[in-house]
Amino acid sequence: MGRGKIVIRRIDNSTSRQVTFSKRRNGLLKKAKELAILCDAEVGVMIFSSTGKLYDFASTSIKSVIERYDKAKEEHHQFGNPDSEVKLWQREAAMLRQQLHNLQESHRQMTGEELSGLSVKDLQNLENQLEMSLRGVRMKKDQLLMDEIQDLNRKGNLIHQENVELYKKVYGTRNVNGANRNPILTNGLDIGEDSHGPVNLQLSQPQQQNYEEPARATKLGRL
């Protein structure tokens with residue numbers, strides 16, 4: 001036969017009451033620990049015996065659990081009260097408006113506007129910020145230019161190797177090795193002078209070419 005249903009009421013016998021308290025207290029603390037581990041929950045349990053002795057368990061700390069409980073209770077009370085909720089959103093909107101105003105003022109100062117109210121120290125700080133920003137922009141630009149130059153050099157070397165292979169197929173390897181007598185220019189690359197040298201591309205300013213007109217025109221006539 002199974003155990004009979006236990007009536008939930010105060011146990012009159014002090015010894016039985018103490019034994020039951022000890023067993024159920026240990027079982028409750030064990031279940032709280034298992035709940036915290038299995039479900040990744042923050043659990044806190046506090047038990048006071050009839051003699052005033054404290055037994056507790058917390059997955060983090062009792063103080064942390066109590067602070068979180070008080071904060072959640074306060075937030076629940078605020079959202080439950082319509083007037084408190086309206087005031088909360090009004091404070092949030094005021095903070096956002098102030099942040100937007102500060103950002104707009106900072107942006108105008110960065111563009112050189114509204115500088116009349118700034119002191120020498122403020123202007124110096126603003127100048128330092130602009131110099132740091134300009135330095136970052138220049139570093140990024142230089143890095144992009146270097147990457148493009150490296151990519152062009154790599155493509156130029158590939159084209160050079162393709163031209164060498166093509167020259168070998170057309171004229172043979174002998175002419176490639178001894179092409180000093182008859183250099184062949186292909187796509188601006190002199191295979192005859194150096195068929196195995198790498199191609200280096202560099203950025204330079206364009207040079208103006210001077211075109212001189214002939215001193216006199218050639219006249220055609222009959223002898």
Side-chain angles (χ1 to χ4, degrees), residues 8 24-50 52-156 200-206:
I8 304 298
R24 292 189 176 240
R25 178 201 66 206
N26 294 334
L28 179 60
L29 297 178
K30 181 180 178 181
K31 291 296 183 182
K33 183 177 181 180
E34 292 175 352
L35 178 63
I37 295 175
L38 295 174
C39 303
D40 194 21
E42 187 173 4
V43 181
V45 179
M46 292 186 298
I47 304 172
F48 291 92
S49 67
S50 59
K53 188 175 181 179
L54 172 63
Y55 301 90
D56 61 359
F57 166 80
S59 56
T60 54
S61 67
I62 289 295
K63 182 179 179 181
S64 175
V65 173
I66 294 175
E67 290 177 352
R68 186 174 181 182
Y69 170 77
D70 293 337
K71 183 178 179 181
K73 187 176 180 180
E74 182 180 357
E75 291 177 353
H76 177 74
H77 176 71
Q78 290 179 354
F79 283 103
N81 189 349
D83 295 335
S84 300
E85 185 176 358
V86 171
K87 292 180 180 178
L88 177 64
W89 288 114
Q90 287 177 350
R91 289 195 299 268
E92 187 71 18
M95 291 176 58
L96 292 176
R97 283 195 297 268
Q98 184 62 33
Q99 292 178 3
L100 178 61
H101 175 73
N102 295 338
L103 290 174
Q104 291 176 346
E105 183 179 2
S106 176
H107 179 266
R108 287 192 292 268
Q109 292 176 355
M110 294 289 285
T111 56
E113 302 176 1
E114 298 185 4
L115 303 178
S116 58
L118 298 180
S119 63
V120 177
K121 184 177 180 180
D122 295 334
L123 292 173
Q124 185 176 2
N125 293 334
L126 181 60
E127 183 181 6
N128 293 335
Q129 294 178 3
L130 291 173
E131 289 179 354
M132 292 177 61
S133 300
L134 183 59
R135 190 180 303 113
V137 172
R138 287 174 176 172
M139 290 177 61
K140 184 62 177 179
K141 184 193 70 173
D142 293 341
Q143 182 63 38
L144 291 177
L145 290 176
M146 291 298 299
D147 294 341
E148 291 180 359
I149 290 175
Q150 292 178 359
D151 186 63
L152 290 174
N153 285 331
R154 180 181 59 83
K155 292 180 180 180
N200 281 325
L201 303 180
Q202 297 180 352
L203 296 178
S204 61
Q205 296 294 334

Worksheet entry | Closest non-hydrogen atom pair between I62 and V45, with its separation | CD1-O, 4.1 Å

Practice prompt. Mind checking the CD-CD spacing from Q143 to E148? Nearest 0.5 Å is all I need.
Written response: 11.0 Å

Worksheet item: In this structure, are over 12 heavy atoms from other groups packed under 6.0 Å from R108 atom CZ?
Response: yes

Discussion item. How long is the straight-line distance from CE of M110 back to CG of L130, given to the nearest 0.5 Å?
Written reply: 4.5 Å

Worksheet item: For A41 and S59, which heavy atoms make the closest approach, and how far apart are they?
Response: O-OG, 3.6 Å

Discussion item. Could you check whether any side-chain heavy atom of E67 comes within less than 4.5 Å of a side-chain heavy atom of K63, counting everything from C-beta outward?
Written reply: yes

Worksheet entry | Residues in salt bridge (charged side-chain N to carboxylate O under 4.0 Å, His left out) contact with K30, at least two apart in sequence or another chain | none

Discussion item. For a side-chain contact (heavy atoms from CB on, under 4.5 Å) check, start with the C-alpha distance between R154 and Q150, then their side-chain angles and the critical distance, and finish with the verdict.
Written reply: CA-CA 6 Å; R154 180 181 59 83; Q150 292 178 359; over 6 Å; no

Worksheet, complete the sentence: Taken to the nearest 0.5 Å, the spacing of E113 CD from L115 CG works out to 8.5 Å

Fill in: N125 versus Q129, side-chain donor and acceptor atoms under 3.5 Å
no

Practice prompt. Check L126 against Q109 and note the closest heavy-atom contact, atom names and distance.
Written response: CD2-O, 3.4 Å

Worksheet item: When rounded to the nearest 0.5 angstrom, what is the spacing between CG in L35 and CG in D40?
Response: 10.5 Å

Discussion item. Could you report the tightest heavy-atom contact between V65 and V43, atom names first, then the distance?
Written reply: CG2-O, 4.1 Å

Response to the item:
Rounding to 0.5 Å, atoms NZ (K31) and CG (L28) come to a distance of 10.5 Å

Worksheet item: S49 versus R25: any side-chain heavy-atom pair under 4.5 Å?
Response: no

Discussion item. Run the salt bridge (charged side-chain N to carboxylate O under 4.0 Å, His left out) test on D151 and K155 for me, step by step, so that the C-alpha distance in whole Å, both residues' side-chain angles and the decisive distance to 0.1 Å come before the verdict.
Written reply: CA-CA 6 Å; D151 186 63; K155 292 180 180 180; 3.3 Å; yes

Worksheet item: Do other residues, nucleotides or ligands put more than 12 heavy atoms under 6.0 Å from the CG atom of D147?
Response: yes

Worksheet item: Are there more than 12 heavy atoms of other residues, nucleotides or ligands under 6.0 Å from atom CZ of R68?
Response: no

Worksheet, complete the sentence: d(K141 NZ, L134 CG) to nearest 0.5 Å is 9.0 Å

Discussion item. When you compare the side chains of Q98 and N102, does any donor N or O come within less than 3.5 Å of an acceptor on the partner?
Written reply: yes

